[in-house]
Amino acid sequence: MPSRYNFLETETKWQSVWAERGSFRTEADPKRPKYYVLEMFPYPSGRIHMGHVRNYTMGDVVARYKRARGFNVLHPMGWDAFGLPAENAARDQKIHPARWTYDNIAAMRAELKRMGLSLDWKRELATCHPGYYKYQQQLFLDFFKAGLAYRGEAFVNWDPVDHTVLANEQVIDGRGWRSGAPVEKKKLSQWFLKITAYADELLEALKGLDRWPEKVRLMQENWIGKSTGAYVRFKLKDRADRLTIFTTRPDTLFGASFMAVSPDHPLAEEAARSDPRAAAFIAECRAAGTSEAAIEAQEKKGYRTALEALHPFIKDKRLPVYIANFVLMEYGTGAIFGCPAHDQRDLDFARKYGLDVTPVVLPPDADPGSFAIAELAYTEDGAIYNSGFMNGLGVEAAKMAAGARLKEQGDGEPTTIFRLRDWLVSRQRYWGCPIPIIHCEKCGPQPVPAKDLPVKLPDDVTFDQPGNPLDRHPTWKHVDCPNCGAKARRETDTFDTFVDSSWYFARFCSPRADVPVERDKVDYWLPVDQYIGGVEHAILHLLYSRFFTRAMKLTHHAKLDEPFAGLFTQGMVLHESYKDRAGQWLYPEEVEKRPDGGAVHVKTGQAVEVGRKEVMSKSKKNVVPPARIIETYGADTARWFVLSDSPPERDMEWTDAGVEGAWRFTQRLWRLAEGWIEAFPALKEELGAAPRDLSADAVALRRAAHKTVAAVTEDIEKFRFNSGVAKIYALANTLSDVKPEALADAGGLWVRKEALDILAQLIGPMLPHLAEEIWLSLGHNRLLVETAWPEADPTLTIDDVVTVAVQVNGKLRATISLPRDCDRAAAEAAALAEPAVQRALEGRNPKKVILVPNRIVNVVV
RNA sequence: GCCCGCUUGGUGGAAUUGGUAGACACACAGGACUUAAAAUCCUGAGGCUCGAAAGAGCCGUGCCGGUUCGAGUCCGGCAGCGGGCACCA
């Protein structure tokens with residue numbers, strides 16, 4: 001009798017065999033083709049969650065598959081280990097951030113190891129380790145010397161709860177991404193990385209990322225936000241200086257009726273100094289909220305200053321200059337010209353303040369004498385009129401003409417601007433990589449000399465009061481200037497943690513090197529061939545990494561532009577949520593489902609309200625800890641379940657029934673394999689060449705097995721794991737249905753053995769422990785992880801008899817079996833001979849017959 | 001407001017990219033085994049109508065229309081759900 005598959009014993013056995021043999025250790029080898037599989041490394045929050053299980057299982061399938069295909073596979077793991085939660089833990093639990101982080105790493109590493117991932121643990125790294133951040137500091141100093149890092153004073157987003165500055169990307173709806181507190185504007189001196197220097201390149205190169213999801217490329221495109229238009233430098237009446245604006249519609253300049261500047265614009269501030277009402281207006285604008293709702297509700301308002309701008313094309317035409325609450329200092333030049341006829345917001349503004357509305361673009365069918373703008377601005381294409389030298393041109397031609405004329409006059413020029421801002425990387429936090437700079441009153445910001453790197457975090461810090469512990473430290477920041485030796489001050493800001501994750505994929509290539517990256521290693525391994533992670537990183541992390549790679553190229557640390565050749569964004573793991581009568585969230589294990597669809601509390605028996613399927617989150621308690629699933633069912637079951645059913649890019653629902661289904665299948669596979677091997681000991685012999693004269697049943701089984709090889713191979717290549725899983729189920733069903741007496745001769749046994757070998761190989765990437773155990777039982781001397789992927793025999797994946805659908809007027813009436821590629825006459829005859837076809841014809845003669853070889857015969861009457 | 005994506009049985013989802021819709025799984029129902037339960041095995045099933053049954057017919061991929069011998073797949077319009085960006089000049 002087959003024994004019950006003991007996953008606990010088997011899984012730990014194979015994990016230690018693989019570890020002892022170093023099965024997943026990798027070295028660069030220029031003679032072999034490489035494949036770099038990487039999943040986004042985790043933040044060590046304490047325990048792994050189901051999202052990790054899904055993410056790392058997918059990556060592991062790819063890694064194991066590629067290894068079997070003969071690639072030299074790099075598949076590393078590390079920890080995105082700096083960040084605010086460690087400081088919160090320090091404050092709340094009185095535990096040092098380093099201790100908290102390393103404890104979490106230890107716990108999570110143990111959990112990952114229980115998943116049986118084919119990782120090269122020798123390359124493990126943690127961004128909070130000086131052995132990592134030393135080289136990040138080096139990189140930063142190289143960037144600094146190359147002019148890619150600078151200190152700038154700017155209005156910054158200040159999070160009053162976390163006491164730190166935030167990047168634009170970290171402000172969502174006017175609130176801090178972590179704290180949720182409304183962000184305040186503060187003018188501070190901060191470190192920036194010059195990502196805008198690459199704005200155009202980062203945009204253009206998206207086109208070449210053909211193995212990235214279209215959606216992510218689009219999101220990055222929008223984020224970079226390229227606009228083509230022109231700068232126009234308006235002269236100001238009775239003044240020497242000019243007011244520069246940006247516009248995308250220089251073709252409508254003749255329709256200008258006002259100018260508007262941001263409340264933060266220098267001209268506005270200047271006006272405020274002499275005009276108390278202007279000052280009051282600006283104060284009012286700054287007091288207004290920046291949340292989406294506040295902006296929505298806010299009225300478009302302006303304050304008319306005493307300034308007047310002179311039109312570049314119309315002699316003596318003066319345009320009033322307003323301070324307007326809807327003009328942003330952060331975009332363009334913080335100033336605009338208003339053309340009410342062709343911009344809805346300008347029109348509303350003009351109506352409100354009684355300004356001229358002069359149409360200059362004539363809609364195709366409109367009459368130039370009578371066309372007028374009422375409530376709606378005209379924003380479509382048309383013929384330019386009322387516009388001097390541009391009259392008669394189309395919109396696009398007029399844009400060019402206006403740009404050229406502006407340049408000629410010295411009043412502006414065509415230009416391109418971007419929404420993307422430089423990356424603010426300073427954070428006023430302790431648990432991050434120190435910025436290796438020393439501030440000297442005489443010499444300015446000085447790089448820390450290479451010999452003094454790393455700038456290590458001090459251990460003796462306290463978290464009992466808000467603000468940056470580094471700044472409060474009694475001695476740490478007091479150093480001498482490396483240039484002049486005078487008393488100087490160490491930079492106490494640390495890097496945004498997104499800096500840490502912007503180059504870790506490169507460090508994995510030579511994780512212990514005493515330079516940031518070893519060129520030969522990086523040149524061999526990069527780019528990452530397949531990167532896998534959540535879509536929530538579609539903009540920030542991926543854009544920063546693309547920038548970093550270019551910056552590393554500029555500073556001679558690498559030679560490539562794009563770090564990730566292939567990107568896959570996986571869906572999230574959802575679970576039902578539960579609430580008791582009092583409205584308190586309940587954990588899934590506190591709830592018992594009833595056959596009638598209802599649910600009750602396990603202890604009290606009270607009815608429980610079953611809520612929506614939502615992303616697993618601690619606050620809603622709808623979490624299932626992976627550790628418990630792995631203890632109860634084993635790693636293979638957990639892996640199989642997250643690969644089944646849902647396409648990997650889509651959200652999946654975690655259900656107990658689904659897990660049990662996966663568990664039953666692993667047991668069934670084991671019984672199937674062991675049962676056959678016990679009944680037919682000959683299956684333990686190595687396969688020789690395929691015998692001739694196989695029975696029909698044997699050939700049918702071979703065909704099924706080889707078709708499955710071809711299909712599953714394609715499914716893995718195309719990231720259709722759920723489809724691959726379904727085809728493996730189908731093959732297992734086919735094997736279960738085989739009658740023992742039909743395949744008991746020598747040829748039959750040979751085919752059985754081949755089919756079992758194939759089954760074990762196909763489940764190898766997904767159920768690695770079970771597969772290895774079955775493989776061993778099949779008598780192989782070599783480990784499955786060291787065995788090549790099976791090849792589908794092309795002569796077996798094509799049937800010589802095909803089932804063809806017979807339609808009458810496109811409606812299915814019968815199916816017939818025909819020899820593959822049989823001639824037209826035979827197919828037609830066979831189709832017309834079908835009684836069901838004759839019935840449907842009702843005696844009519846076919847007008848024509850459409851034949852799709854090996855697929856369809858459609859009789860048209 | 002702008003830009004994307006999705007919508008198929010009770011459920012998750014398949015469908016060779018214009019060619020037999022519902023593979024595979026979950027859940028369900030019936031049966032076998034069992035003192036019983038669990039486990040396992042077998043069988044069934046999109047809906048409706050007719051039929052004792054075998055079977056036959058009609059309808060069916062969010063809704064309306066189109067192209068085609070043939071549409072889940074392509075085109076136009078609409079609705080619903082989800083995502084991204086947004087006072088962007």
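The sequence lines fix the lettering, A, B, ..., with proteins before strands; numbering per chain opens at 1. Everything numeric in this text was worked out from a predicted model, so none of it was measured.
- Between Lys727(A) and G13(B) there is no side-chain N or O to OP1 or OP2 distance below 4.0 Å.
- Summarising the geometry of Ala704(A) relative to Thr708(A), their closest heavy-atom pair is O-OG1, 2.7 Å, with the distance given to 0.1 Å.
- A donor-acceptor contact under 3.5 Å links the side chain of Arg855(A) to the base of U16(B).
- Here Tyr729(A) does not reach the OP1 or OP2 of A25(B): none of its side-chain N or O atoms lies under 4.0 Å away.
- In this model, a side-chain donor or acceptor of Lys300(A) finds a partner on the base of C87(B) within 3.5 Å.
- Checking A23(B), C59(B), G13(B) against the side-chain heavy atoms of Ala726(A) singles out A23(B) as nearest.
- Phosphate contact (OP1/OP2 of A23(B), side-chain N/O of Asn722(A), threshold under 4.0 Å): absent.
- Using C1' as the reference atom, A71(B) and G66(B) are 11 Å apart when rounded to the nearest Å.
- C85(B) is paired with G1(B) under the criterion used here, namely a Watson-Crick or G-U wobble arrangement in which both key atom distances are under 3.5 Å.
- G9(B) adopts a syn glycosidic conformation, its chi angle falling within 90° of 0.
- Of the candidates A89(B), U20(B), C87(B), the closest approach to any side-chain atom of Thr248(A) belongs to A89(B).
- The residue among Asp651(A) and Phe326(A) whose nearest nucleotide of RNA chain B lies closer to the 5′ end is Asp651(A).
- Of all nucleotides present, none satisfies the Watson-Crick or G-U wobble test against G51(B) with each distance under 3.5 Å.
- Under 4.0 Å is where a charged nitrogen must lie from a carboxylate oxygen, and between Asp343(A) and Arg249(A) no such pair does.
- Salt bridge present: Glu413(A) and Arg233(A) bring a charged side-chain N and a carboxylate O closer than 4.0 Å.
- Rounding to the nearest 0.5 Å places CZ of Arg419(A) at 11.0 Å from CG of Leu328(A).
- Here G22(B) sits opposite no nucleotide as a Watson-Crick or G-U wobble pair (both hydrogen-bonding atom distances under 3.5 Å).
- Under the Watson-Crick or G-U wobble criterion, with both distances below 3.5 Å, A29(B) is paired with U43(B).
- A distance of about 14 Å separates the C1' atoms of C78(B) and U7(B), rounded to the whole Å.
- Ion pairing of Lys226(A) with Asp200(A) is present here, as a side-chain N (NZ or NE/NH1/NH2) and a carboxylate O approach within less than 4.0 Å.
- Searching all strands for a Watson-Crick or G-U wobble partner of C78(B) with both distances below 3.5 Å returns G62(B).
- A sub-4.0 Å separation between OP1 or OP2 of A86(B) and a side-chain N or O of Arg419(A) is present.
- Between the side chain of Asn858(A) and the base of C69(B) there is at least one donor-acceptor pair of N/O atoms closer than 3.5 Å.
- Nucleotide A37(B) forms no Watson-Crick or G-U wobble pair with any nucleotide shown, as no partner meets the under 3.5 Å limit on both distances.
- Distances shown here put a side-chain N or O of Arg664(A) below 4.0 Å from the OP1 or OP2 atom of A27(B).
- Using N1 to N3 plus N6-O4 or O6-N4 for Watson-Crick, or N1-O2 and O6-N3 for G-U wobble, each under 3.5 Å, A71(B) pairs with nothing.
- You won't find any donor-acceptor pair under 3.5 Å spanning the side chain of Gln344(A) and the base of G1(B), going by distance alone.
- At C58(B), one or more side-chain N or O atoms of Arg813(A) fall inside 4.0 Å of OP1 or OP2 (strictly under the cut-off).
- Of all the heavy atoms in Phe7(A) and Thr632(A), the pair that sits closest is CZ-O, 3.3 Å.
- Heavy-atom nearest nucleotides on RNA chain B were determined for Arg345(A) and for Met652(A), and the one closer to the 5' end corresponds to Met652(A).
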